[in-house]
Trainee: 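My questions all concern the structure below.
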Amino acid sequence: MGQGVQALMGLAFIPFYIKYLGIEAYGLIGIFALLQAWLTLMDVGMKPALGREMARFTAGAHTAQSIRDLLRSVELIGISVAGVLALGIWAGSGWLASHWVTAKHLPLETVAQSFAVMGLVTAL
């Protein structure tokens, strides 16, 4: 129910976002919301698996070393995915800004910087 309300509120506030931010800025927000959704999909069950194994550890089914190894593996996978994504967005920010965004009110440098910074923030 909470996710449904969140989705409805997201749709209800779109006109206000466009009114106060402008269509160009709202487009940038939409791109990064999409990136965050993709990162959630890229989680591929690591968070539930880690939670399940931690519960098994507290029940005595795992050793502390095996949990450390599991956590390190999840960290390395997450950092690798985030790093590749951040590097790709940072490297392609100029191209993305000049080919995907045709802002009438935002300078191209501002859009490119927005892509670079928001890509790094999204990855982190």
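Scope of the values below: all heavy atoms of this structure, side chains included, with no hydrogens, waters or symmetry mates. This structure is a prediction, so every number in the text was calculated from the model and none was measured. Position 1 is the first residue of the sequence, and the numbers go up from there.
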Trainee: Can you name the closest pair of heavy atoms from Leu70 and Glu53 and give their distance?
Mentor: CD2-CB, 3.4 Å
Trainee: May I ask whether Phe13 and Ile18 are part of the same hydrophobic cluster, defined by side-chain heavy atoms of I, L, V, M, F, W, Y residues being less than 4.5 angstrom apart, directly or through others?
Mentor: yes
Trainee: Can I get a per-line list of side-chain donor-acceptor pairs under 3.5 Å for residues 73-88, giving both atom names and the distance, sequence neighbours left out?
Mentor:
from  : atom 1 : to    : atom 2 : distance (Å)
Ser73 : OG     : Asp69 : O      : 2.9
Glu75 : OE1    : Arg72 : NH1    : 3.1
Ser80 : OG     : Leu76 : O      : 2.7

Trainee: Taking all heavy atoms of Leu11 and all of Pro15, pick out the closest pair and write down the distance.
Mentor: O-CD, 3.9 Å
